[in-house]
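Read the structure below first, then the notes.
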Amino acid sequence: MVWLNALGASMPFLARGLKFGQTRRSLAPPDRVCSPMRLSRYFLPILRETPKEAEIVSHRLMLRAGMIRQEAAGIYAWLPLGLRVLQKVAQIVREEMDRAGAIELLMPTLQLADLWRETGRYEAYGPEMLRIKDRHERDLLYGPTNEDMITGIFRAYVRSYRELPKILYHIQWKFRDEQRPRFGVMRGREFLMKDAYSFDVDEASARLSYNKMFVAYLRIFSRMGLKAIPMRAETGPIGGDLSHEFIILAETGESAVFCHADVLDLPIPPENTDYDGDLSPIVHARTKLYAATGDVHDQARFERETPAEKRIQTRGIEVGQVFYFGEKYSKPMRALIAGPDGVERPFQGGSYGVGVSRLPGALIEASHDENGIIWPEAVAPFKVGLANLKFGDGTTDAACAAIYAALEKAGVDVLYDDSDERPGAKFAKLDLIGLPYQIIVGPKGLASGTVELKTRATGARENLAAGAAIARLAGV
RNA sequence: CGGGGCAUAGCGCAGUCUGGUAGCGCGGAAGUUUUGGGUACUUCAGGUCGCAGGUUCGAAUCCUGCUGCCCCGACCA
């Protein structure tokens, strides 16, 4: 870590923006804490017209806002603005996984088929698996998931119950050769996913791990400004009650959902939640009320357990799933753990996924209007857009430059539109890309000593002195 | 994987039926104009008409094959 400290010392701007709760390791993938940008130097290909292939609103807006570009069916390049959002989403997931005690690693995208033959999944998996041969004619595959590989890693090193429990996770690209990719990044073939895997010595312990992930998921989606509801899901051959899909409600969602209205208003576990304590009350409060997706929905039970005025029937988007699968992989792969009694048994496993690259799309489905995207602050690519309504005018240029510098100094991510476009075009563009705040600087306002601060979500505008606007944005 | 459709300039489209020297809007460049919600005008640049065969004096247009993409359904994070 010496080199990292040296780097931090020689590059003070890296450390400057560190806020409470951010560790140095969180600098790892998105190594920016604040990086303001001038539009004239940025790469933001806004589309005025909608490409015809985009049917749903999030796909349309992501293309128009220059966030993504399709390279093939279900395969996208993430352009700078989109990448910022993707990284913010990933970072929230990372922080909450770490908080819950999970350990990050990184497994490769390509896997040897032999691993999958051990569990019988190489044959069982259909054409959705992308199969590749290398120059030695060895069978490889582009991983659609990593249970087999993580089990292989785990069994190579861990033999004793004393090293359990453990939860390992990574955030990596996956590939599933969907018959019909659609909805932009919401159902791509290539997708970025956080998948965690828990290792426990018995079922009781596995349930504790399950609860940790369950609670972490509540926090993850809440931090992104989403109301994600855990819903009962198919548990497969294992049975039991330990599988939930996390669904956000959106009219345009892919699946029908049914739930008790009160699940929407349950409190989110706080940041200082003790993950080693008893989490079952939190989980129980969520799971005792009816909530199910269409495929496991039981109308009679729904009506029995939920008063008519509390019944919600709408549509939703799955953004995560938690699943306990016991010995499904550890048994065939002989990943054995010696218990306190000296007897070796397969570990009890679970897996926990979050659709990272799907979330930007889901977030837009949940938060937009006729003018464009409305980003929740936690995942916004920039916090504020600064519009110079008369670029080239000495007074407005100077005012904008001063505001830009002040925001940068305060650690506020700002995108400065320093183009010479007309005001209307700038307003439309800022509304489209959905930054939470806009500072609008023009000659008229400056004549009376004010700039305009607009809140994207509400449309509220306020005229105030530049210093006051900066203070507002630099505050909480 | 069943059903339907599309492929012409960076994007959105017309032209295909009825074969004859490839067009419109937006966007881009230059300029004039305008200046608080996508300003108006002038000029310019930009296309192997998805690919490969075939028919024909001549193919974006007709025929055959292929590829890519989209929509509905089944399936899925």
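- Aromatic ring pairs are classed by plane angle as parallel below 30°, tilted from 30° to 60° and perpendicular above 60°; the pair A:F323 and A:F325 is tilted.
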How does protein reach along nucleotides 7-16 of chain B, written 5' to 3' as B (base within reach of a heavy atom under 4.0 Å), S (only sugar-phosphate), or - (no contact)?
-> ----BSS---
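- Among the protein residues, A:A72 comes within range of the sugar-phosphate backbone only, with heavy atoms under 4.0 Å from sugar or phosphate atoms but none that close to a base.
- When heavy atoms are screened at a 4.0 angstrom cut-off, A:K454 is found touching base atoms of the nucleic acid.
- In this structure, A:E452 reaches the bases: a heavy-atom distance under 4.0 Å links it to at least one base atom across the strands shown.
- In this structure B:rG2 sits in a base pair with B:rC72, meeting the Watson-Crick or G-U test at under 3.5 Å.
- Nucleotides of RNA chain B nearest to A:I46 and A:E55 differ in position, and the one nearer the 5' end is that of A:I46.
- Classified by interplanar angle (parallel below 30°, tilted 30° to 60°, perpendicular above 60°), the ring pair A:Y197/A:H170 is tilted.
- Atoms CG (A:D177) and C1' (B:rC1) sit 13 Å apart, rounded to a whole Å.
- Taking the P atoms as reference points, B:rU35 lies 40 Å from B:rG15, given to the whole Å.
- Separation of the C1' atoms belonging to B:rC70 and B:rU55 is 32 Å when rounded to the nearest angstrom.
- The base-pairing partner of B:rA29, taking Watson-Crick or G-U wobble contacts with both distances under 3.5 Å, is B:rU43.
- In summary, the side chains of A:E95 and A:Q91 do present a donor paired with an acceptor at a separation below 3.5 Å, with no hydrogens or angles considered.
- Rounded to a whole angstrom, the distance from the C1' atom of B:rC17 to that of B:rG28 is 35 Å.
- Rounded to the nearest Å, the gap between the C1' atom of B:rA14 and that of B:rC49 is 13 Å.
- Among A:M149, A:E123, A:M129, the single residue meeting the side-chain contact (heavy atoms from CB on, under 4.5 Å) criterion with A:W116 is A:M129.
- Protein atom CZ of A:R64 is 13 Å distant from nucleotide atom C1' of B:rG27, rounded to whole Å.
- Proximity of the aromatic rings of A:Y210 and A:Y324 is defined here by a centroid distance below 6.0 angstrom, and this criterion is not met.
- The closest side-chain donor-acceptor pair between A:D431 and A:Q438 falls under 3.5 angstrom.
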What protein N or O atoms touch nucleotides 29-31 of chain B N or O atoms at under 3.5 angstrom, if any, and at what distances?
none

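- Among the heavy atoms of the strands, none lies under 4.0 Å from A:D195.
- Residues A:R315 and A:E254 are not paired through a salt bridge, judged by the lack of any N-O separation under 4.0 Å between the basic side chain and the carboxylate.
- As the counterpart of B:rC24, B:rG12 is assigned, both hydrogen-bonding distances of the Watson-Crick or G-U wobble pattern falling under 3.5 Å.
- Between A:D417 atom CG and B:rG37 atom C1' the separation is 14 Å, expressed in whole Å.
- Taking the six-membered ring where the residue is Trp, A:H297 and A:F302 present perpendicular rings, their angle passing 60° and hence far from 30°.
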Would you be so kind as to tabulate the donor-acceptor pairs closer than 3.5 Å made by side chains of residues 39-52 of chain A, with sequence neighbours excluded?
from  : atom 1 : to     : atom 2 : distance (Å)
A:S40 : OG     : A:D418 : OD1    : 3.2
A:S40 : OG     : A:D418 : OD2    : 2.6
A:Y42 : OH     : A:R84  : NE     : 3.4

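- Note on A:G442: a base of the nucleic acid sits closer than 4.0 angstrom, heavy atoms only.
- Using C1' as the reference atom, B:rG50 and B:rU61 are 16 Å apart when rounded to the nearest Å.
- Among B:rG36, B:rG38, B:rC75, the nucleotide with an atom closest to any side-chain atom of A:L389 is B:rG36.
- Closest to the A:R422 side chain, of the nucleotides B:rU35, B:rC70, B:rG73, is B:rU35.
- For the C1' atoms, the distance from B:rG3 to B:rU21 is 41 Å, rounded to whole Å.
- Ring-base stacking between A:F427 and B:rG36 is not satisfied when judged by a centre separation under 5.5 Å and a plane angle under 30°.
- One can place CG of A:L359 at 15 Å from P of B:rA77, the figure rounded to the nearest angstrom.
- A donor-acceptor contact shorter than 3.5 Å links the side chain of A:R358 to the backbone of A:E318.
- Protein atom NZ of A:K390 is 14 Å distant from nucleotide atom C1' of B:rU33, rounded to whole Å.
- Separation of the C1' atoms belonging to B:rU8 and B:rU16 is 11 Å when rounded to the nearest angstrom.
- A gap of 29 Å separates the C1' atoms of B:rG4 and B:rG19, to the nearest Å.
- Atom CD of A:E128 is separated from atom C1' of B:rA74 by 12 Å (rounded to the nearest Å).
- Between A:M193 and A:H59, the one whose closest nucleotide on RNA chain B sits nearer the 5' end is A:H59.
- A:F347 and A:F154 have perpendicular rings, their planes meeting at more than 60° on a 0 to 90° scale where under 30° would count as parallel.
- Regarding A:E245, its CD atom lies at a distance of 10 Å from the P atom of B:rC76, rounded to whole Å.
- Phosphate proximity of B:rA77 to A:R358: absent, as no side-chain N or O sits under 4.0 Å from OP1 or OP2.
- Using Watson-Crick or G-U wobble geometry with both donor-acceptor distances under 3.5 Å, B:rC62 finds its partner in B:rG54.
- In this structure, A:A73 reaches the sugar-phosphate backbone alone: every heavy-atom distance under 4.0 Å involves primed, P, OP1 or OP2 atoms, never a base.
- In this structure, A:L63 atom CG and B:rC70 atom P are separated by 11 Å, rounded to whole Å.
- Taking the side chain of A:K444 as heavy atoms from C-beta on, and the options B:rG73, B:rC26, B:rG36, the nearest nucleotide is B:rG36.
- Looking at A:H59, A:M62, A:E365 one by one, the single match for side-chain contact (heavy atoms from CB on, under 4.5 Å) with A:M186 turns out to be A:E365.
- Note on A:G188: a base of the nucleic acid sits closer than 4.0 angstrom, heavy atoms only.
- A:G445 comes within 4.0 angstrom of a base, heavy atoms only.
- A donor N or O paired with an acceptor N or O is found under 3.5 Å between the base of B:rC76 and the side-chain atoms of A:R187.
- A sub-4.0 Å separation between OP1 or OP2 of B:rC71 and a side-chain N or O of A:R180 is present.
- Look at A:Q179 and you won't find any side-chain N or O under 4.0 angstrom from OP1 or OP2 of B:rG2.
- Side chain of A:R286 to backbone of A:L266: a donor-acceptor contact under 3.5 angstrom is found.
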